[in-house]
Colleague: 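I'd like to ask some things about the structure below.
Every chain is numbered from 1 and lettered A, B, ... according to where its sequence line falls, protein lines coming before strand lines. Keep in mind the model is a prediction, meaning the values are calculated, not measured.
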Amino acid sequence: MPLLPIPEPYDFAFSTERFRRFGPDLANLWHEGGLHRVVGRREVRIEAAPGGVLVEPLDDEIAAVVRKLLGLDFDLAAFESFAGGVDRNLAALVERFRGYRPAISPDPFETLVTSITAQQVSLASAFAIRSRMIERFGRRATHAYAFPTRGRLAVADPGELTAVGFSGRKAEYVVGLAGADLDYEALRLLPDEEVKARLVVIRGLGDWTADWFLARHLARPQAWPAGDLGLRKAVAAFYGDGPLPSIEEVRVIGTRFAPFQNLTAHYLLADLYLST
DNA sequence: ACCCAGGCATTGG
DNA sequence: CCAATGCATGGG
């Protein structure tokens with residue numbers, strides 16, 4: 001069986017929790033103890049194994065996607081030693097969630113559409129609405145679905161999206177984004193601020209969405225979604241003494257975690273979403 | 001029957 | 001520049 005070795009520390013259960021917690025994600029589907037995703041035309045299954053994960057089938061293209069899904073690009077060892085020197089809160093978190101590698105979303109368009117579905121509404125609502133969209137516009141392999149393509153959503157009628165639960169506005173955002181002239185390859189080479197600048201000129205993509213794109217798709221170490229409600233709550237719990245901190249206050253607090261803001265944000269959120 | 005949830009664009013001061 | 005408003009659904 002094709003074994004992909006994973007560097008320690010690594011905790012498969014923590015690292016895949018987000019695929020289970022808020023309901024099924026048909027494009028990144030938890031099924032019978034493993035994670036399923038369509039790569040190219042094939043459905044890939046990933047499951048835990050001693051010394052790493054089993055991946056079936058496995059080739060170079062699939063390995064690159066699996067690396068992202070499992071968060072292998074993060075330098076967890078460096079983060080752990082960093083966290084120990086920052087403050088007791090963070091040190092305790094990295095110990096409690098030791099081996100948690102945040103999942104990186106492999107596809108840029110999927111990342112942005114997913115964020116649009118999650119704007120303003122609860123994650124449970126977002127998952128439900130997105131599942132119905134994937135069923136309608138995506139292509140099913142065996143268990144998992146290939147996420148709907150730009151081409152398909154670009155020609156969708158906004159009414160088809162409102163039929164699966166999108167607001168009229170969000171339906172326009174998705175169709176507009178699918179048809180937008182946006183060079184995703186070029187984004188990968190740009191500095192964080194320039195990536196954000198290119199995203200927020202597109203209708204429906206604001207600061208929050210752009211920050212999560214940096215964090216969850218490009219895996220930029222210093223991405224810090226200061227406007228995220230969950231992160232604001234987590235910062236309040238660990239570093240505040242009263243009401244929910246403002247976005248600006250959260251942004252300022254983020255600077256103390258440089259250059260590991262992305263991992264720090266995920267570990268703070270883990271307390272909200274990964275706790276049993 | 002409310003009320004809030006991992007925002008955003010739009011409108012009006 | 002900042003405040004107020006509507007949005008659609010799921011879960012408490």
Side-chain angles (χ1 to χ4, degrees), chain A residues 17-26 28 93 97 100 102-105 110-136 156-180 182 196-220 223-240 243-251 253-254 261-275:
Chain A
E17 173 66 17
R18 77 176 278 99
F19 301 115
R20 294 184 293 275
R21 169 129 283 188
F22 303 101
D25 170 353
L26 298 184
N28 301 281
L93 275 175
F97 297 108
Y100 165 46
I104 289 305
S105 177
E110 177 181 343
T111 305
L112 292 175
V113 172
T114 296
S115 284
I116 289 170
T117 65
Q119 287 168 5
Q120 207 277 334
V121 299
S122 66
L123 286 174
S125 299
F127 270 70
I129 292 166
R130 186 166 61 126
S131 277
R132 294 196 293 266
M133 181 208 66
I134 293 172
E135 278 183 317
R136 179 178 287 228
D157 185 302
E160 297 180 84
L161 287 162
T162 56
V164 296
F166 281 67
S167 63
R169 270 294 170 74
K170 286 189 181 181
E172 292 173 14
Y173 297 165
V174 168
V175 174
L177 172 65
L182 179 59
K196 288 188 67 172
R198 289 206 189 186
L199 292 177
V200 299
V201 296
I202 295 173
R203 188 158 175 266
L205 310 184
D207 264 339
W208 176 87
T209 301
D211 280 335
W212 276 124
F213 184 86
L214 291 173
R216 294 244 172 95
H217 172 63
L218 294 177
R220 295 293 169 88
W224 177 254
D228 184 82
L229 182 58
L231 186 57
R232 291 171 67 195
K233 286 192 222 167
V235 166
F238 287 99
Y239 301 99
L244 201 62
S246 70
I247 294 173
E248 178 58 19
E249 287 168 332
V250 173
R251 195 191 63 73
I253 287 171
Q261 290 96 323
N262 190 351
L263 280 167
T264 300
H266 277 92
Y267 273 75
L268 287 170
L269 288 168
D271 181 67
L272 265 59
Y273 301 130
L274 254 52
S275 306

Colleague: Between C:dA8 and B:dT11, how far is it from one P atom to the other, in whole Å?
Modeller: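 Their P atoms lie roughly 16 Å apart.
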Colleague: If you check the A:Thr209 side chain, which of B:dA5, B:dA9, B:dC8 turns out closest?
Modeller: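 Looking only at side-chain atoms, A:Thr209 lies closest to B:dC8.
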Colleague: In terms of the angle between their ring planes, are A:Tyr267 and A:Tyr100 parallel, tilted or perpendicular, with boundaries placed at 30° and 60°?
Modeller: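 Because their plane-to-plane angle lies in the 30° to 60° range, the rings of A:Tyr267 and A:Tyr100 count as tilted.
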Colleague: Pairs in or reaching into residues 168-180 of chain A: which pass side-chain hydrogen bond (donor to acceptor under 3.5 Å, both in side chains), with residues at least two apart or in two chains?
Modeller: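 Applying side-chain hydrogen bond (donor to acceptor under 3.5 Å, both in side chains) to every pair that reaches into residues 168-180 of chain A, excluding sequence neighbours, yields A:Glu172-A:Arg203.
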Colleague: Starting at CZ of A:Arg169 and ending at P of C:dG6, how long is that distance when rounded to a whole Å?
Modeller: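 Rounding to the nearest Å, CZ of A:Arg169 and P of C:dG6 are 12 Å apart.
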Colleague: Using a cutoff of under 3.5 Å, can you pull out all pairs of nitrogen or oxygen atoms linking the protein to nucleotides 10-12 of chain C, with atom names and distances?
Modeller:
residue: C:dG10; atom: OP1; partner: A:Arg132; partner atom: NH1; Å: 2.8
residue: C:dG10; atom: OP1; partner: A:Arg132; partner atom: NH2; Å: 3.3
residue: C:dG10; atom: O4'; partner: A:Ser125; partner atom: OG; Å: 2.7

Colleague: Could you state the atom-to-atom distance from CZ of A:Phe166 to P of C:dT9 in whole Å?
Modeller: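 The distance from CZ of A:Phe166 to P of C:dT9 comes to 11 Å, rounded to the nearest Å.
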Colleague: Is any side-chain N or O of A:Gln120 closer than 4.0 Å to OP1 or OP2 of B:dC8?
Modeller: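 No, A:Gln120 has no side-chain N/O under 4.0 Å of OP1/OP2 on B:dC8.
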Colleague: Between CG of A:Leu229 and CG of A:Leu244, what distance do you get to the nearest 0.5 Å?
Modeller: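 Reported to 0.5 Å precision, the distance equals 6.5 Å.
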Colleague: Toward the 5' end of DNA chain B, which comes first, A:Pro225 or A:Arg203, by nearest nucleotide?
Modeller: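 Its nearest nucleotide lies further toward 5', so the answer is A:Pro225.
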Colleague: Side-chain N or O of A:Ser167 versus OP1/OP2 of C:dA8: is the shortest distance under 4.0 Å?
Modeller: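 It does, given that an N or O in the side chain of A:Ser167 lies less than 4.0 Å from OP1 or OP2 of C:dA8.
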Colleague: Below 4.0 angstrom, N of the basic side chain to O of the carboxylate: do A:Arg132 and A:Glu135 qualify?
Modeller: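 A salt bridge is absent here (no side-chain N lies under 4.0 Å from a carboxylate O).
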Colleague: Rounded at 0.5 Å granularity, tell me how far NE2 in A:His266 sits from CZ in A:Arg18.
Modeller: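 It comes to 6.5 Å.
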Colleague: Measuring only between side-chain heavy atoms, which start at C-beta, is A:Arg232 closer than 4.5 Å to A:Val235?
Modeller: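 Heavy-atom side-chain distance check fails, nothing below 4.5 Å.
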